[in-house]
**Q** 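Encoded as structure tokens, here's the structure I'll be asking about.
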Amino acid sequence: MAHLTPTPVIEPLQDRTMILNMGPQHPSTHGVLRVILEIDGENVVRIMPDIGYLHTGIEKTCEAKFYQQVVPLTDRIDYLCPLTNNLCYALAVEKLLGMEIPPKAQWLRVLLNELTRINSHLVWLGTHALDIGAMTVFLYCFREREDILRIFEMVSGQRMMTSYFRIGGIALEPPLGFFEKVRDFADRFPSRVDEYENLLTGNPIWLMRTKGIARITAEDAIALGATGPTLRGSGVDLDLRRDMPYSGYENFKFKVPLGKEGDVFDRYMCRVAELRESLAIVKQALEGMPEGPIKANMPKVVLPDREKMKTEMEALIYHFKIITEGFSVPAGEVYQAVESPRGEMGYYVVSDGTAKPYRVHMRAACLANLQTLPLMCEGRLIADVVAAIGSIDIVLGEIDR
Amino acid sequence: MALAPPITDLEKLKTHPALASLLDWNPGAIEGVKFDRDEMSIVIDRAHIRDACTLLRDHREFAFEFLSDVTCVDWYPSEPRFEVIYHLLSISKKERVRLKVRLDGSSPVVESITAVWPAANYFEREVFDLFGIRFSGHPYLRRIMMPEDWNGNPLRKDYPVEGYR
């Protein structure tokens with residue numbers, strides 16, 4: 001098996017430089033990223049990310065599934081924000097179908113999405129700090145993450161691979177006591193963010209490791225396709241939740257935190273500020289949660305309630321038909337983008353009028369963000385590469401798909 | 001919300017900013033348009049894609065300065081077989097446009113737009129790897145997802161879902 005040899009192989013360009021492989025099993029590469037470094041002593045001369053170790057062909061698998069069967073696959077793309085993926089795919093197919101989603105479903109989607117964002121940022125903050133050497137923050141972050149995962153488990157039965165959103169709404173009514181639990185979390189969380197900031201924001205070691213490190217200008221970030229905090233850290237004001245609202249985000253008030261310098265510290269500050277903003281959205285969603293149905297009224301597409309199936313003939317027929325034959329989607333194509341914790345996550349879905357998608361393509365925010373890495377790190381120390389990789393918050397599941 | 005039928009008439013759509021600037025520049029480069037589900041698609045002749053991208057990026061009032069995505073759809077067995085798809089975003093005007101290039105199965109080659117947006121680098125490598133489309137002028141056109149010695153292009157429609165056994 002020739003392809004067991006890691007490729008590509010690059011040769012050092014000068015006599016005094018050498019090639020160093022970082023990863024794919026290096027703890028600070030957040031999964032299976034392999035970074036090939038050409039180093040001159042401690043200085044990085046050239047850097048080349050090598051990806052594809054986690055490629056599972058999800059896009060190909062999607063083409064062989066019914067539309068509703070793709071939802072669980074989307075969880076596995078970006079495993080730190082499964083609900084954001086669910087939402088983006090559901091929105092794309094709903095747009096293809098021309099569907100109207102009831103307000104309660106939209107608000108619940110927003111509520112859970114912002115909890116997902118907090119969850120994802122907590123994992124990022126913990127591991128990023130761990131990479132740089134601040135061990136304690138990791139334990140603090142995972143304490144709060146556990147609370148969020150319990151909320152997810154309560155609502156969907158799963159801690160990580162939630163698959164809670166359906167095409168046309170959400171799977172089930174949230175259980176009794178769900179809103180109280182979220183409110184309880186929302187009351188406790190602001191003081192916890194203060195704790196993280198106490199540990200890091202003013203810490204001189206943290207500042208030395210992050211200020212002025214791995215800088216990228218706004219022009220370069222735009223040209224390289226960076227989105228999310230990686231772009232906003234450089235001062236570009238782009239947040240799809242506010243600028244191109246979807247799923248009822250236009251009803252919520254929140255600020256979009258921006259950085260100036262585009263260094264590791266500014267990206268850190270952006271994400272920490274986003275933790276607070278996301279919590280503000282969660283609180284607004286709790287306050288103004290509308291009443292009503294949680295699924296669209298489209299019996300040929302949306303599965304009927306369990307109770308109806310036991311009493312109504314049509315409901316049983318539709319259930320049987322959707323499960324066995326799927327539902328056909330009018331031919332066309334749609335590109336739907338949402339703001340995931342890492343940036344612009346986009347689903348391009350092409351339908352040929354049958355019950356299976358003709359093509360599903362995921363625009364991975366991390367894939368584009370990763371392209372900024374060489375610009376950030378060349379000419380700097382190896383230790384800064386670790387800080388830079390942490391600061392662009394990559395998830396390899398999303399990059400390789 | 002019922003679906004409106006797609007509009008494909010060039011005359012009705014020529015007020016759209018992206019299309020208007022492309023028409024001003026070279027009407028011959030536009031092979032077709034479609035406005036469907038609030039999304040604009042413009043089919044560009046393959047020889048002009050790089051210039052069209054440069055034009056849209058540098059437009060004075062209505063710049064599509066951000067490349068969101070490059071991907072491809074395989075319409076096997078019909079011809080032209082491949083559609084390479086570019087999603088552009090205007091950060092200032094909050095507007096998207098989709099450009100398409102149609103390529104036939106016998107010579108799937110198109111000019112790379114890495115010179116316009118360096119962001120296209122990984123996207124084009126992915127399309128090359130999974131569809132076998134060649135991007136001329138790409139600085140490092142090698143497989144990115146699959147192993148280097150892999151046989152075939154997995155996302156082509158004539159490639160079996162379980163792979164070759």
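Scope of the values below: all heavy atoms of this structure, side chains included, with no hydrogens, waters or symmetry mates. Just so it is clear: chains get the letters A, B, ... in the order the sequence lines come, proteins before strands, and each one is counted from 1.
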**Q** Below 4.5 Å from any heavy atom of chain A, which atoms of B/Glu95 appear? Answer side chain, backbone, both or neither.
**A** backbone
**Q** What part of B/Pro118 gets within 4.5 angstrom of chain A, counting heavy atoms only: side chain, backbone, both, or neither?
**A** both
**Q** Under the 3.5 angstrom rule, does the side chain of A/Lys60 hit a backbone N or O of B/Glu162 as a donor-acceptor pair?
**A** no
**Q** Quick one: does B/Arg37's side chain have a donor or acceptor within less than 3.5 Å of a partner on A/Val334's backbone?
**A** no
**Q** Mind checking the OH-CG spacing from B/Tyr122 to A/Leu224? Nearest 0.5 Å is all I need.
**A** 10.0 Å
**Q** Determine the option with the most heavy-atom pairs under 4.5 angstrom with chain B, choosing from A/Gly57, A/Ala364, A/Ala64, A/Ala226.
**A** A/Ala226
**Q** Between the side chain of B/Arg96 and the main-chain N/O of A/Gln336, is any donor-acceptor distance below 3.5 Å?
**A** no
**Q** Are any non-hydrogen side-chain atoms of B/Asp74 and A/Glu63 less than 4.5 angstrom apart?
**A** no
**Q** Ion pair present between A/Arg359 and B/Glu83, side-chain N to carboxylate O less than 4.0 angstrom?
**A** no
**Q** Between B/Val70, B/Leu89, B/Asp36, B/Thr71, which shows the greatest number of heavy-atom pairs under 4.5 Å with chain A?
**A** B/Thr71
**Q** Below 4.5 Å, heavy atoms only, C-beta onward: do B/Ser68 and A/Tyr348 meet side chain to side chain?
**A** no
**Q** Taking the side chain from A/Lys95 and the backbone from B/Asp38, do they hold a donor-acceptor pair closer than 3.5 Å?
**A** no
**Q** Below 4.5 Å from any heavy atom of chain A, which atoms of B/Leu67 appear? Answer side chain, backbone, both or neither.
**A** backbone
**Q** Any idea which of A/Val236, A/Asp243, A/Leu370 has the most non-hydrogen atom pairs under 4.5 angstrom with chain B?
**A** A/Asp243
**Q** Less than 4.5 Å to any heavy atom of chain A: does that hold for the side chain of B/Arg57, its backbone, both, or neither?
**A** neither
**Q** Please tell me if the side chains of B/Val73 and A/Glu333 come closer than 4.5 Å, counting only heavy atoms from C-beta onward.
**A** no
**Q** Going by heavy atoms in the side chains, are A/His361 and B/Ile85 under 4.5 Å from each other?
**A** no
**Q** Measure distances from A/Ala331 to the heavy atoms of chain B and classify the residue's part below 4.5 Å as side chain, backbone, both or neither.
**A** backbone
**Q** Using a 4.5 Å cut-off on heavy atoms from C-beta on, say whether the side chain of B/Met145 contacts that of A/Glu59.
**A** no
**Q** Is the ring pair B/His87/A/Tyr335 parallel, tilted or perpendicular, if the boundaries are 30 and 60 degrees?
**A** parallel
